[in-house]
Amino acid sequence: MSDKTQAIFTGDRCLSCTSCMANCPVMAAIKDYRGPKLVGPAHGRMHFSQEDIEATLEFCSNCKSCDRACPSGVAVSTLNMLQRAEYYKTHPHTQAEDMIAHGERAGKMVRMMPFGATFANIGMEFGKTLGIFSKLGLAGERDMPAYASTPFKDLYSRIKQTAGGKKIVMFTGCFINDNEPQVGEAFVKVMNANGYEVLIDKGFNCCGSPLVVTGYLDEAKQHADNNADRILEWKKKGIPVVTPCTSCSLMLKEEYHELFAEHKFHEAAENVYDAFEFLEILQERGEFNDNVKPISQKLLYHVPCHLKCQAIGLPAANILEEFGANVQTADAGCCGISGNYGFRKDKYDISMKIGAKLFERVKRKDFDKVISDCGTCRMQIHHGSGIKPCHPIEILAAAYQ
Amino acid sequence: MKPFDVIVIGGGLAGLMAAAVAADNGQRVALLTYGSGSLPLASGAIDFLNAKAPDVAIKNLPAHHPYKKIGLKACDAAAKFFVDIAAKADLPYNGRLSAQIPIVTAVGTLKYSALVPESMDASNLVNKKKIFVVEIKGLKDFYAAMIVDNLKKIFPDKTFEVAKLDLNLLGGRDITCMDAAQIISVNEQILADGLKTLDVGDDDAIIIPPIFGLEGNSSRAAIKSQLRAEILETTCLPPSPTGIRLQRAFIKYLQSSGVRIFENSKVVRGVVDGKKVTGVVVENSVREKVFPARKVILATGGFYSGGITMRDFDQPREPIFDLPVFFPTGAENWSNEQLFSDEPQGFSMTGIFTDESLRPIDESGEILFENLHVVGANLGGSDFVFERSAGGVAISSAYKGATS
């Protein structure tokens, strides 16, 4: 990879062929959005004054379907996000935007209070019932993701691991840390079974994905600088950074560099792996522990958009299939939630319309379990279908004795 | 990763067709794509050759032409397979290799193709008394008056009428045919009711932009059942619903056959062992990933899609396997400066030469890889724009490559 992948340099490759429009789920859901081609590559290069703002920029969900549709390698969605950051230089954020962009901050506050998670969850219940979220500009139809009683980083210290062998650093991601620590536990179990001690670096910040999509680019840059510096430290020690969250891994591996165009982000990215990507590499080297109970389940796999972008194949499906699982891909497109997009009150309907095909597919219930590597995809599937998915690593963890 | 029986590189028409044929033969198939392929930009009509009877014309082609390697039998089988795949997705196609069917273009000329979506088949236009051309308020890039002016030159004895319908599509962005098709797919009745206001009889035809939904034939069937006149769709500027329907028909078939589709997966080189390809290497933002395979089908397209590149004049390259690329017309006849003339462009003959199983060969005719097959626009020896053979070469070479 070279500097060619920095988003700002990719806009000139746009031929206006409309492939991105033909594949944009937001355009299919509503008429208001003018589409990735006009907003990203066209307006991204050709706006010349602060007043020249593309009003429908707010509709892009950053699902990156356009990037994958583009035959010319234009980083369409990242151009949109850069535009969005420009917009917020001269426009204030709403309270709701501040909230949904700063999940990490809220999580830290909750953890500082005794029984903070319990109270916060009760508070969110009331908030939903009383319609407070809706008044704030959040999607009142949704449950806000409940805080786990103990965050993963605290649970982690209680896990007994054998020290002294090979090591990886786990980038937990906010959602797994605050809301689904059981995914983190499963991750540690699987890595331990494969001879890796899992380290946690408390110096990491949120990857910055929620900040980028909400137009807090300067803050995101601070996160990126900090995280990349930490990753480079681990790289020096020869210890890879692995994450079970696909949006985090995409951010660390690709989007930092696209957004901020500094070589260090690429150097750091070389030391980052998505969880199953890492496991498949072990398998290819013959280092994977295949002392696994047969997995006899039929699994419906919703492949997250942010995994499809990474061009790493479908490592979770490959590994689970190898141990007997019957994995069927849902093939129903984007789930619609796209990080914090579907939590916005004014985007809720769009988000549900985009996800409708997937919900329909899931409701057929011709499987034992739905799996998806992305936390917000799992939330959306649960919300839209009533069926709760899990992370594929939980299936694998259960198969290790 | 377990090796796939077949890996197809490229998600255009040739790649989709090759993956479908291989899957139909019971093979475990992976399709690697980089970009969504050109079908959303295409009409969905499949040209074999610009001739009254393409099958006869194919017989008379020079030996270096891809059709000569593919053979007429595979061309026929490909056409049949193609029509079957579309039919499985409820997308009826008409046609065969021994004749051509007219379709009405967005500017009101007739274009002839061998295989055309039933919704575009204008064969019966000649028997109609009156032709209505319907413009839809707010729909861009469709000019009924221009279509009428041009059709009058072809059918001087017929009556024409420009009709304008307001389907309340306005509000929000400028509406393309794709947008209108999307809206109509969830509410066919607005179009049916609009068309019912026209004073049409059994002997008349209605020409509309291609807006009968984005999948299959159900929107068209629902509307057609309410009207007596024949309704025809034209071609349009991209994004093109008729091409999107074809793409979705293929993808639906591939998904139901268990083909794994990997998007955003740019193949940078092959893994080879002597004359055998054992896999392909995909480059992502930070590292490479090997996809192992027993057989590889190269459907990466020609100059227009990066399947063949040329940094230095006279040195066209095939970037993945570094296959020899031939440019039979030579540097001095490289281009015809009259861009819009009715003469061919020399460079367009450029491409890879193969044996009869579509395996790449070098100058001496020696096969370079035993299990690599080249299909679609990167085949040399044909000027697919000038001869109008792109679609036909794509599906028939894909069929041959996948069955060889």
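Chain letters run A, B, ... following the sequence lines, proteins first, then strands; residues in each count from 1.
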Ion pair present between [X] and [Y], side-chain N to carboxylate O less than 4.0 angstrom?
{"X": "A:E277", "Y": "B:R287", "value": "yes"}
{"X": "A:E321", "Y": "B:K2", "value": "no"}
{"X": "A:E58", "Y": "A:K347", "value": "yes"}

Is there a donor-acceptor pair closer than 3.5 Å between any side-chain N or O of [X] and the backbone N or O of [Y]?
{"X": "B:R245", "Y": "B:G213", "result": "yes"}
{"X": "A:K253", "Y": "B:V286", "result": "no"}
{"X": "A:N23", "Y": "A:C20", "result": "no"}
{"X": "A:R13", "Y": "A:V74", "result": "no"}
{"X": "A:Q310", "Y": "A:T246", "result": "yes"}

message = Check whether B:Y34 forms a cation-pi arrangement with B:K266 (NZ or CZ under 6.0 Å from the six-membered ring centre, at most 45° off the ring normal).
response =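 Because its charged atom sits under 6.0 Å from the ring centre and within 45° of the axis, B:K266 does stack over B:Y34.
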Considering only heavy atoms, which portion of [X] lies under 4.5 Å from any heavy atom of chain A: side chain, backbone, both, or neither?
{"X": "B:S265", "answer": "both"}
{"X": "B:L254", "answer": "neither"}
{"X": "B:S240", "answer": "neither"}
{"X": "B:I175", "answer": "side chain"}
{"X": "B:Q182", "answer": "side chain"}

Choice from [options] maximising heavy atom contacts with chain B below 4.5 Å:
{"options": "A:P315, A:A311, A:A317", "value": "A:A311"}
{"options": "A:K308, A:E322, A:E280", "value": "A:E280"}
{"options": "A:N271, A:V272, A:D67", "value": "A:V272"}

Option among B:K295, B:R28, B:R260, B:R294 that satisfies the salt bridge (Lys or Arg N to Asp or Glu O under 4.0 Å) test with B:D5 = B:R294
Region of [X] in contact with chain B, defined by heavy-atom distances below 4.5 Å:
{"X": "A:N318", "value": "side chain"}
{"X": "A:Y273", "value": "both"}
{"X": "A:C17", "value": "both"}
{"X": "A:I30", "value": "backbone"}
{"X": "A:E270", "value": "both"}
{"X": "A:E254", "value": "both"}

For the candidates [options], which exhibits the highest count of non-hydrogen atom pairs separated by less than 4.5 Å from chain A?
{"options": "B:M1, B:Q247, B:K252", "value": "B:M1"}
{"options": "B:L41, B:L39, B:I183, B:V282", "value": "B:L41"}
{"options": "B:G172, B:P239, B:G11", "value": "B:P239"}
{"options": "B:P40, B:G37, B:G35", "value": "B:G35"}

request  = Indicate whether the side chain of A:T78 and that of A:K64 have a donor and an acceptor atom separated by less than 3.5 Å.
outcome  =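 A donor-acceptor contact under 3.5 Å links the two side chains.
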